[in-house]
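In what follows, a structure is listed as structure tokens, so that the remarks can point back to it.
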Amino acid sequence: MKKKISLSAPLFWILIVALLASLFVNLYQFEKASHVPPLQLPGSYCTNAALPNGTYLVFDSKGHYCKYTQTDGLLDEGSYAEYNRPQYDLVSKSGSREQVILEGDGLYYISQDGVVASMTRFSDIPVFIGQWAEDWPGWQDDTGNTLG
């Protein structure tokens, strides 16, 4: 003879609520774990930081950029603006236009004549390396201190 097992109605609803709560908590944790923050452009990048002839690009948080090498000093400076994230337009003080595209831990620099260079991020803050920086008037950081 089979015994009939019955579940009381309150216990049934408690189980349903617990399962739904667990589902919502799991969905929240999945969303939080899979959310990737957008890439940020400000910082310092270099074609090859191990060599003194590497080309450096430095971006501040106020829309200014600088391109230099340790040996030649300042090559170009100007302003940048977001074109279509993660793509940015660079407009130099001389009027030339170039672009950068953020990618993972670096960027792709596209010169005015179409040459593409890969640059690795080596700092999240503007960094100027070389003796030329001591003579350059430089930028000011967010607190008003001169960089360079």
Side-chain angles (χ1 to χ4, degrees), residues 7 10-148:
L7 207 57
L11 182 59
F12 173 76
W13 288 111
I14 289 173
L15 285 174
I16 294 295
V17 169
L19 287 172
L20 286 174
S22 174
L23 174 69
F24 287 121
V25 168
N26 287 336
L27 287 174
Y28 172 76
Q29 289 177 338
F30 175 76
E31 176 64 27
K32 189 175 178 182
S34 63
H35 177 72
V36 177
L39 299 171
Q40 299 296 318
L41 181 62
S44 300
Y45 303 82
C46 185
T47 54
N48 191 348
L51 299 175
N53 62 350
T55 302
Y56 294 80
L57 267 176
V58 178
F59 298 91
D60 70 4
S61 60
K62 297 180 181 179
H64 301 100
Y65 82 94
C66 168
K67 181 170 61 169
Y68 71 92
T69 65
Q70 288 185 40
T71 54
D72 298 330
L74 185 66
L75 301 175
D76 194 11
E77 65 181 317
S79 61
Y80 71 89
E82 184 177 330
Y83 173 70
N84 186 11
R85 187 170 277 184
Q87 186 174 351
Y88 294 82
D89 282 331
L90 309 179
V91 179
S92 74
K93 288 185 176 181
S94 66
S96 66
R97 301 180 75 87
E98 299 170 323
Q99 294 183 340
V100 294
I101 300 173
L102 284 176
E103 180 64 36
D105 62 345
L107 58 79
Y108 293 104
Y109 169 74
I110 305 166
S111 67
Q112 189 171 8
D113 56 356
V115 176
V116 178
S118 175
M119 302 182 105
T120 304
R121 178 191 294 259
F122 68 92
S123 176
D124 291 337
I125 58 172
V127 175
F128 299 95
I129 302 170
Q131 299 219 349
W132 69 274
E134 296 172 5
D135 300 327
W136 180 53
W139 294 332
Q140 289 186 351
D141 64 12
D142 294 337
T143 62
N145 297 322
T146 300
L147 302 172

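For the single chain, residues carry numbers from 1 onward in sequence order.
- Proximity of Leu102 to Tyr45: side-chain heavy atoms (C-beta onward) are separated by under 4.5 Å at one or more points.
- Interatomic distance, Tyr56 OH to Thr69 OG1, rounded to the nearest 0.5 Å: 9.0 Å.
- Across all non-hydrogen atoms, the minimal contact from Gln112 to Ser96 is OE1-CB, 3.0 Å.
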Practice problem: Decide yes or no on side-chain contact (heavy atoms from CB on, under 4.5 Å) for Met119 and Val100, but give the supporting numbers first. | Solution: CA-CA 10 Å; Met119 302 182 105; Val100 294; over 6 Å; no
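- The shortest heavy-atom contact between Thr55 and Lys67 is CG2-CG, 3.8 Å.
- Of the possible donor and acceptor atoms, one in the side chain of Ser44 sits under 3.5 Å from a partner among the backbone N and O of Val127.
- Summarising the geometry, atom CG belonging to Leu19 is positioned 6.5 Å from atom CG belonging to Leu15; distances are rounded to the nearest 0.5 Å.
- Contacts of Glu103 classified as salt bridge (charged side-chain N to carboxylate O under 4.0 Å, His left out), with partners at least two apart in sequence or in another chain: none.
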Practice problem: Step by step, work out the side-chain contact (heavy atoms from CB on, under 4.5 Å) result for Leu57 and Tyr80. | Solution: CA-CA 12 Å; Leu57 267 176; Tyr80 71 89; over 6 Å; no
Practice problem: Check the pair Tyr109, Leu90 against side-chain contact (heavy atoms from CB on, under 4.5 Å), reporting the backbone distance first and the verdict last. | Solution: CA-CA 10 Å; Tyr109 169 74; Leu90 309 179; 4.1 Å; yes
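- In this view, Asn84 satisfies the side-chain hydrogen bond (donor to acceptor under 3.5 Å, both in side chains) rule with no residue, not counting sequence neighbours.
- Taking all atoms of both residues into account, the shortest heavy-atom contact from Pro126 to Phe59 is CG-O, 3.8 Å.
- Remark: Ile14 engages no residue in a side-chain contact (heavy atoms from CB on, under 4.5 Å) (not counting sequence neighbours).
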Quiz prompt | Steps toward side-chain contact (heavy atoms from CB on, under 4.5 Å) verdict (Lys93, Glu77) | solution = CA-CA 6 Å; Lys93 288 185 176 181; Glu77 65 181 317; 3.8 Å; yes
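- Contacts of Asp124 classified as side-chain hydrogen bond (donor to acceptor under 3.5 Å, both in side chains), with partners at least two apart in sequence or in another chain: Arg121.
- Remark: Phe24 CZ to Gln29 CD distance equals 14.0 Å, nearest 0.5 Å.
- Checking side-chain atoms of Tyr65 against main-chain N and O of Asp76 turns up no donor-acceptor pair under 3.5 Å.
- Summarising the geometry of Gly63 relative to Asp60, their closest heavy-atom pair is N-OD1, 3.1 Å, with the distance given to 0.1 Å.
- Not a single donor-acceptor pair under 3.5 Å links the side chain of Ser61 to the backbone N or O of Pro42.
- A search for side-chain hydrogen bond (donor to acceptor under 3.5 Å, both in side chains) contacts involving Thr120 returns nothing, not counting sequence neighbours.
- Within the 4.5 Å cutoff, the side chain of Phe12 has heavy atoms near those of the Ile16 side chain.
- With sequence neighbours excluded, the residues satisfying side-chain hydrogen bond (donor to acceptor under 3.5 Å, both in side chains) with Gln87 are Gln99.
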